[in-house]
Every structure is written in structure tokens, then in C-alpha cells.
Asks: 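My structure is below; once you've seen it, I'll send some questions.
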Amino acid sequence: MRAAHWCTPSLLALSLAAGAALLATPSAPLRAAPEPSIVPISWELNFRHGPLERLTMNIKGKQQSFWYMRYTVINNSGRDVLFTPDFQLLTDTGEAISAFKDVPNEVFDKIKSMSNNSLLESPTGILGKLLQGEDNAKDGVIIFTAPSADAHEYDVYVSGLSGETAEVKNPVTGQSAIVQKTLVLQYNVPGEAVGIQPHPQLTATKWVMK
């Protein structure tokens with residue numbers, strides 16, 4: 001059997017009930033998205049994650065900071081699944097940061113070296129068919145460029161873990177949009193004391209349709 005890298009129980013296996021997310025565009029807001037099912041109605045992957053950690057590196061002569069989270073994804077859905085995850089970080093200051101954008105390859109190399117995990121796959125290497133069972137689990141990492149120092153609440157959105165979708169209509173244009181069951185990890189990030197790294201605290205875990 002393949003040993004799991006994280007001691008926390010599978011967040012997805014708990015099938016936590018979720019509130020609904022509001023989807024909006026500047027010109028024409030959509031109606032509130034439906035709530036995801038409490039009991040899975042489609043395939044769903046198990047997602048185990050480590051802490052949200054900060055890494056500061058010298059990139060081309062300049063110190064840059066990044067936030068990263070290592071994870072393990074396991075397919076116990078009863079069928080092979082195409083794993084194409086998407087990750088986004090939203091902050092209380094209004095920043096929206098897509099994972100891996102403006103992140104040099106050397107950042108992943110550094111994280112893999114520090115983890116001492118030869119099975120840790122790159123952001124592109126982890127994409128593809130995820131076979132069933134613990135023995136076929138994949139280890140990956142999410143990396144974001146650091147938000148502004150004024151941000152102290154982070155929401156990490158993880159999509160691609162569930163096949164559940166729904167259709168919502170824009171009440172103004174009548175156009176339809178597809179939303180997907182998405183995991184949200186909410187963190188409080190304390191201010192940084194002199195010489196001390198901030199340690200984000202996980203405050204909530206929930207499903208939304210986004």
C-alpha cells in the first residue's frame with residue numbers, strides 16, 4: 001500500500017456541506033449559484049493537503065516570496081478520472097491570483113528538494129489520467145506568487161476534484177454558464193513579526209459551486 005504523505009483525514013471524504021458562492025461579472029451579475037450536493041452525485045477525488053507555507057527565494061537578483069501547499073490526490077471514485085485541477089487564491093484585499101502564474105520553474109525545484117519527496121510531480125506533470133486506488137495516488141504542489149502584505153485572509157479554491165456541475169443563467173443577458181463543485185480552504189494569515197515567518201491558520205473548509 002502506498003503511504004499517504006499527510007496525516008489529516010481526506011477533506012473530500014468528509015463531504016462537507018457548503019454554502020453557495022456568488023458568481024459575478026462587472027457588467028451583469030449572475031444569480032446565486034446552486035448549492036453543491038451534500039452527498040456526492042458524481043465522481044469525487046480525495047484531497048489531502050499540507051500547510052500553506054511561504055518561501056522566499058532570490059530570483060534574478062531580487063528577493064521574491066511565494067506561497068505553496070503540497071497535496072496528495074487519490075481516486076477512490078470507482079472509475080479512472082482525467083485530473084486537470086485549477087487553483088486560485090483570493091484575498092480580503094481583492095487580489096485574485098492564479099496558481100503558477102509568474103512562478104519560475106526553479107521555485108518548484110526548490111520545494112521538491114526541501115520536501116525530500118521524489119514522487120512530487122510538477123504542475124504540468126501531474127495532469128492526466130488518475131488511476132484508481134491509494135497505490136496510484138499523485139503528489140503535487142500548488143504555488144502562488146505572494147499577495148500584498150496588507151492581505152490577511154486567503155481563500156484557496158481547488159477545482160477539478162469533482163464531476164458535479166450545474167448551469168446558471170445571467171438574469172440580464174439570459175446567457176448560461178456552467179459552475180463546478182469546488183473546494184475552498186479559508187485561511188487567516190497573521191501579520192509578520194520581525195524575523196518571524198507568519199503561520200496561516202486554516203479556519204474553514206467548504207464546497208461551493210463556482
Side-chain angles (χ1 to χ4, degrees), residues 1-16 40 42-59 64-89 97-146 154-164 180-187 189 197-202 205-207:
M1 291 295 290
R2 186 184 189 282
H5 288 275
W6 310 116
C7 295
T8 56
S10 169
L11 294 173
L12 300 191
L14 295 177
S15 296
L16 298 175
S42 182
W43 61 264
E44 202 165 284
L45 303 177
N46 300 118
F47 183 80
R48 300 172 182 165
H49 67 90
L52 185 62
E53 302 178 85
R54 194 173 74 169
L55 173 67
T56 300
M57 291 182 60
N58 188 304
I59 307 293
Q64 294 187 33
S65 292
F66 306 89
W67 287 99
Y68 70 95
M69 177 192 296
R70 289 178 288 152
Y71 68 89
T72 297
V73 62
I74 308 160
N75 181 7
N76 289 321
S77 68
R79 52 171 284 190
D80 295 342
V81 170
L82 184 63
F83 183 53
T84 56
D86 186 69
F87 311 100
Q88 189 176 43
L89 174 66
I97 304 172
S98 296
F100 315 118
K101 183 179 180 182
D102 300 323
V103 176
N105 292 335
E106 59 199 278
V107 178
F108 168 76
D109 294 338
K110 178 66 173 179
I111 293 170
K112 184 170 183 177
S113 174
M114 293 189 306
S115 71
N116 293 316
N117 179 8
S118 62
L119 298 177
L120 188 68
E121 300 198 41
S122 70
T124 54
I126 202 168
L127 304 177
K129 183 181 290 187
L130 182 60
L131 302 179
Q132 301 173 56
E134 291 271 352
D135 292 342
N136 294 309
K138 292 185 177 183
D139 296 331
V141 62
I142 311 167
I143 311 173
F144 301 102
T145 55
Y154 296 176
D155 287 352
V156 177
Y157 287 80
V158 184
S159 64
L161 301 176
S162 171
E164 181 180 343
Q180 182 180 14
K181 188 175 181 179
T182 299
L183 184 68
V184 186
L185 309 175
Q186 297 182 319
Y187 289 89
V189 184
Q197 286 270 26
H199 293 285
Q201 301 296 316
L202 182 64
T205 300
K206 63 182 181 179
W207 289 105

Asks: At what distance, to the nearest 0.5 angstrom, does CZ of F87 lie from CG of L183?
Replies: 10.5 Å

Asks: Less than 4.5 Å apart, side chain to side chain, heavy atoms only: is that true for Y68 and M114?
Replies: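 Yes. Closest side-chain heavy atoms under 4.5 Å.
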
Asks: With sequence neighbours left out, what residues match N76 under side chain to side chain donor-acceptor pair (under 3.5 Å)?
Replies: N46

Asks: Output the distance between atom CG (D139) and atom CD (E121), rounded to the nearest 0.5 Å.
Replies: 7.5 Å

Asks: Rounded to the nearest 0.5 Å, how far does CG of D155 lie from NZ of K206?
Replies: 7.0 Å

Asks: Test your reading of the model: is there a side-chain donor-acceptor pair from Q180 to the backbone of S162, 3.5 Å cut-off?
Replies: yes

Asks: Taking side chain to side chain donor-acceptor pair (under 3.5 Å) as the definition, give me every residue that meets it alongside T145, ordered by chain and number, with sequence neighbours left out.
Replies: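 With sequence neighbours excluded, T145 shows a side chain to side chain donor-acceptor pair (under 3.5 Å) to no residue whatsoever.
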
Asks: Do NZ/NE/NH1/NH2 and the carboxylate oxygens of R48 and E134 come within less than 4.0 Å?
Replies: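 Result for this pair is yes, salt bridge flagged.
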
Asks: Got a donor-acceptor contact below 3.5 angstrom from the S159 side chain to the D86 backbone?
Replies: yes

Asks: Do Q88 and T182 make a side-chain contact, defined as non-hydrogen atoms from C-beta onward lying under 4.5 Å apart?
Replies: no

Asks: Are M69 and Y187 close enough that some pair of their side-chain heavy atoms sits under 4.5 Å apart?
Replies: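 Sidechains of Y187 and M69: in contact.
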
Asks: To the closest 0.5 Å, what do you measure between NZ (K112) and CG (N117)?
Replies: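 One finds 7.5 Å between NZ of K112 and CG of N117.
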
Asks: Measure the shortest side-chain to side-chain distance between N136 and N75 over non-hydrogen atoms and say whether it is less than 4.5 angstrom.
Replies: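 A side-chain contact is absent here, since even the closest heavy-atom pair is not under 4.5 Å.
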
Asks: Any non-hydrogen side-chain atom of V103 less than 4.5 Å from a side-chain atom of F108?
Replies: no

Asks: Donor-acceptor check, side chain of E44 to backbone of S42, threshold 3.5 angstrom: yes or no?
Replies: no

Asks: To the nearest 0.5 angstrom, please state how far the CD1 atom of I59 sits from the CD atom of E106.
Replies: 4.0 Å

Asks: Can you name the side chain to side chain donor-acceptor pair (under 3.5 Å) partners of T56, sequence neighbours left out?
Replies: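 With neighbours one apart ignored, the set is S65.
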
Asks: Would you say F66 and P104 make side-chain contact, with heavy atoms under 4.5 Å?
Replies: yes

Asks: Tell me whether the rings of Y71 and F83 are parallel (<30°), tilted (30 to 60°) or perpendicular (>60°).
Replies: perpendicular

Asks: Are W67 and V189 close enough, and set up right, to give a side chain to side chain contact (heavy atoms under 4.5 Å, CB included), and what steps lead you there?
Replies: CA-CA 11 Å; W67 287 99; V189 184; 4.3 Å; yes

